Structures are given as structure tokens and as C-alpha cells.
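Notes to accompany the following structure.
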There are 2 protein chains.
Amino acid sequence: MAATLCNVSTSRPPRTRRTATGERRAAYDPETLLEVAARVFTERGYDGTSMEHLAIAAGITKSSIYHHVPGKEALLSAALDRALDALFAVCDEPQSTTGAAIDRLEHVIRRSVEILDEELPYVTLLLRVRGNTDTEQDALERRRTFDRFVTKLVAEAAQDGDLAPEIDPGLTTRLVFGMINSITEWYHPGRGVTVHELADAVVAVALRGRQA
Amino acid sequence: MAATLCNVSTSRPPRTRRTATGERRAAYDPETLLEVAARVFTERGYDGTSMEHLAIAAGITKSSIYHHVPGKEALLSAALDRALDALFAVCDEPQSTTGAAIDRLEHVIRRSVEILDEELPYVTLLLRVRGNTDTEQDALERRRTFDRFVTKLVAEAAQDGDLAPEIDPGLTTRLVFGMINSITEWYHPGRGVTVHELADAVVAVALRGRQA
DNA sequence: GTCTATAAATTGATAGAC
DNA sequence: GTCTATCAATTTATAGAC
């Protein structure tokens, strides 16, 4: 079983502490550590990230990290769950389960872009994972489950005649979600395009011809 | 400056050698080592790949690798150049420089998919690189130059009225090439769809509405 | 062109002081 | 909740025999 982050839900509000040089600043908050870890894992790769790298990025020592989490893999697991939980929540939304397939598909596509914006560091990390550890393989399996949900929507929409039938649903899903996922390569929230412009552009390219 | 792979162009045909157990097999060919390295770098990440990992995958010892290349980074550099040289060759093809912008764009898109097929291990590696070393940053800079070439084509085609003008050329390029690049996540040559079906599907999704 | 042996640095993780 | 000090294992790379 995958390791889990300890104390995330029971964390107290941050207090202050003194650094080695006597400088006062906020003591560490497990939430912040998780985001720092997700970012560094994404930049350097999970294997390429040492506890020392994380410690420097977080501004504490290696040993202090072990006070918050049992180890490196627990940080990875918690960060990946964060992205996956958000994506699966979309599948359970009423707009994803009722109405015409093409409308449910558009809703899932738009919400996926929004989650990419809201949970950017965690979604980006999820997309970089290649299955080298048990934790990564568990995450990839959950990703495949999400893909199957979307593929079914594409197939239904094609059967309804609301999508060009000449391309395979699985191939369409891969290309469209490949396009969505590639947004993590360059998107920075609050800089350049907005989330809504982005979602419009994706829907325009992916479902064009169907658009009003 | 980036390190370079030594002896690639002057390599002799493979001979035979004995392993520790006396088994006879082909002696090492620098070309093969480069492909093995690209594949392992892609699977485990460059930082996550040790010389020991490469040695096991190549079937020789760590020390023997140092006979062929000056170090780990030289292998990375040579593999990335292979992908980038192929992409830049496309920019120089006559169909990429003459005719209507929309036709030049379609040609570059189709050829990009073909190069992804022909040089899969090297292109896949190129797309995983994040700029953590000088070698990686040089590669990213060359990738950006290629992107600018394509962005110009998209802008020209939009000005000609051959592409929907409502989306920004830069954004379109990012989304379309994000879609193309995502193919490396699941495509295996000779299994499932063919390169031509793939190129057709990409052009259909990317330039739909303009298609015959 | 391959190997064994080894060097010097870095790795993930622990012990225990404050 | 943080730190210093340390451990055993692994890392990149070299020396030199065959």
C-alpha cells in the first residue's frame, strides 16, 4: 500500500521559530511543505529530488522534514492524491452524470481545465509520474480509471451523432486530454490568458463544428 | 558549452566479445548505447538514472560506458540533438517554405508526427527535459526556436483567413503541439494506429473545418 | 573494449540535544 | 519543531589489469 502523509488533517496553525541566524519566521505548515514538495518533484523529477533539495526549498533541514512526514514517498503520495481526488470529484458532479453525452463531455473538459488551474502544482506532478515506484503506479491506475470515464462520454457523444464519427473515441480522448494536459507545460495562473479563455480555446479546438 | 558524444561518427562495425560467464555476443555499438540511454533517461528521468542503471540496460559495466562516452551528460546531449536536428530539418523542407501558409502548416504538423514515429526514443526524451542542466537548457532553447517557426505559420494562416481568427496564434500552437507531443505518452510504432492514421487524426482535430 | 577495485561525494534516514 | 552529527548505501568517475 502507498505511504500516506501524516498529520495533514490535524495540523495546527503555523507558529514562529528562530533560524540558525536568529531570524524569526513562520514555523512549518504541512500544507506548505506539500506544495513545495510537489513543485520540486515536478522540476527535478521524483528520483532526481533529494531530501536535501526539499529541505533547501522549504527552508528547513532534512531532519525537520522527517518530523512532518515519514519519508519522501509519503509526500509524493499525498500530492498525487490531491490531484486525483479533485479529478474524481468532477465525475460525481450532476452535470457529469445527467443530460446529453456531448454536454456532459464539455462539462468534464471545462472542469478539468479549471482543476488544472486550481491545483496546478499537484496536477502537473501527476502528469510527470511514470510508474517507477508503487506509489506512482497506484496514481497511474487511478488516472486510467478517469480516462475510461471520459472515453465512455466520447463514445456516447459520437453515437448520438454529436461528434465526428470518423475518429476512434479512445484516440480522440487521448488527443484532447493530451492537449489539456500539455497546458501544465506553460500555464501560470494570473499571467496571460485566464482560465475561462483557456477552457473556451480547448473546447473550440476539441469540439469545433459543434460549437454555436 | 554542452558536452558532446565522442566517436559516434567514427564507430566501427560491432565485433564479438565474451561476457563474464563466457557467453558470446555483439560488442557494443555507440549507436545502440545512445538509444538505450535515451530510453532509460525517459523512463527514470535523467537525474533518476544512474550509470549503473545504464550499464545494466546496456549489458555492460559502468566502466565500459566511460570508454564510449566522456560521461552521463554527453549521452543526454547527443540524444537530444538527434531529436532536434530531425525537427529542424523539417523547417528547411521546400513544402515548409513555399505555398500557402495553411498548407505549409499542415505539412509541418504531418512531418512532426512522422518524426515522432521515426525518432520516438529521442523525441520522447526531448519532451521530458525540464532545463535542470546546461545541456537541457540548450535543448529547450532550440525547442523554443522551432515553436516560433510554427507560431509564425499559424499567424500567417489566420491572416489568410484559413484558420479561425478567434484564438491567439501562440495559444493555438501550444494547444496543437501539446496534442502532438502527448502522443509520446502512449504511442508504440507498429502497434494499434499507424503513423498516417495518427497524422490524419491530428490534422482533423487541429485544422478541422478547413478539411475536405 | 571489457573488466575489478576503489575513490570521493551524495543519498535517504535515524539518534538525540535543545 | 528544529537542529547537529552520523550511518549505511549509492552516486559519478578513475586507475589499471587483461
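Small disclaimer: the values here were computed from a predicted structure and weren't measured. Proteins come first, then strands; the chains are lettered A, B, ... in the order of their sequence lines, and each starts at number 1. Values below: all heavy atoms of this structure, side chains included; hydrogens, waters and symmetry mates excluded.
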Test log, rule side chain to side chain contact (heavy atoms under 4.5 Å, CB included), inputs A/K72 and A/Y66 | CA-CA 9 Å; A/K72 198 177 153 184; A/Y66 285 98; 5.7 Å; no

Check A/F146 against A/L87 and note the closest heavy-atom contact, atom names and distance.
-> CE1-O, 3.6 Å

Could you tell me whether A/R143 and A/D138 make a salt bridge, using a distance below 4.0 angstrom between a side-chain N and a carboxylate O?
-> no

With a 4.0 Å cut-off, would you call A/R111 and A/E93 a salt bridge?
-> yes

Anything under 3.5 Å between a protein N or O and an N or O of nucleotides 7-11 of chain C, put it in a table, one pair a line.
from: C/dT11; atom 1: OP1; to: A/S50; atom 2: OG; distance (Å): 3.4

A/R148 and A/T145 side chains, donor-acceptor separation under 3.5 Å = yes

Sorted by first residue and then second, give each ring-ring contact (aromatic ring centres under 6.0 Å, His included) pair with at least one member in residues 178-201 of chain A; sequence neighbours left out.
-> none

Value in whole Å for how far the C1' atom of D/dT10 lies from CZ of B/R44 | 13 Å

Whole angstrom is fine here: how far is it from CD1 in A/I65 over to C1' in D/dG1?
-> 13 Å

d(OH, A/Y66; C1', C/dT14) in whole Å = 9 Å

salt_bridge(B/E106, B/R110) N-O dist < 4.0 Å | yes

Distance-only polar pair, side chains of A/H67 and A/S64, donor-acceptor under 3.5 Å = no

With side chains defined as the heavy atoms from C-beta onward, is the minimum distance between A/R44 and B/R130 less than 4.5 Å?
-> no

Got a sec, which residues hit side-chain contact (heavy atoms from CB on, under 4.5 Å) with B/K152, two or more places apart in sequence or on another chain?
-> none

Give me the bend of the helix from C/dG1-D/dC18 to C/dC18-D/dG1, using the axes of the five pairs at each end, rounded to 10°.
-> 0°

For residues 106-137 of chain A, the ring-ring contact (aromatic ring centres under 6.0 Å, His included) pairs (sequence neighbours left out) are none

Within this structure, what is the CD-to-P distance between B/E73 and D/dT12, rounded to whole angstrom?
-> 12 Å

Does A/H67 have a side-chain nitrogen or oxygen under 4.0 Å from the phosphate oxygens OP1 or OP2 of D/dT2?
-> no

Counting only side-chain N and O atoms of B/T61, is one of them less than 4.0 Å from OP1 or OP2 of C/dC3?
-> yes

So which protein nitrogen or oxygen atoms get under 3.5 Å of nucleotides 16-18 of chain D's nitrogens or oxygens?
none

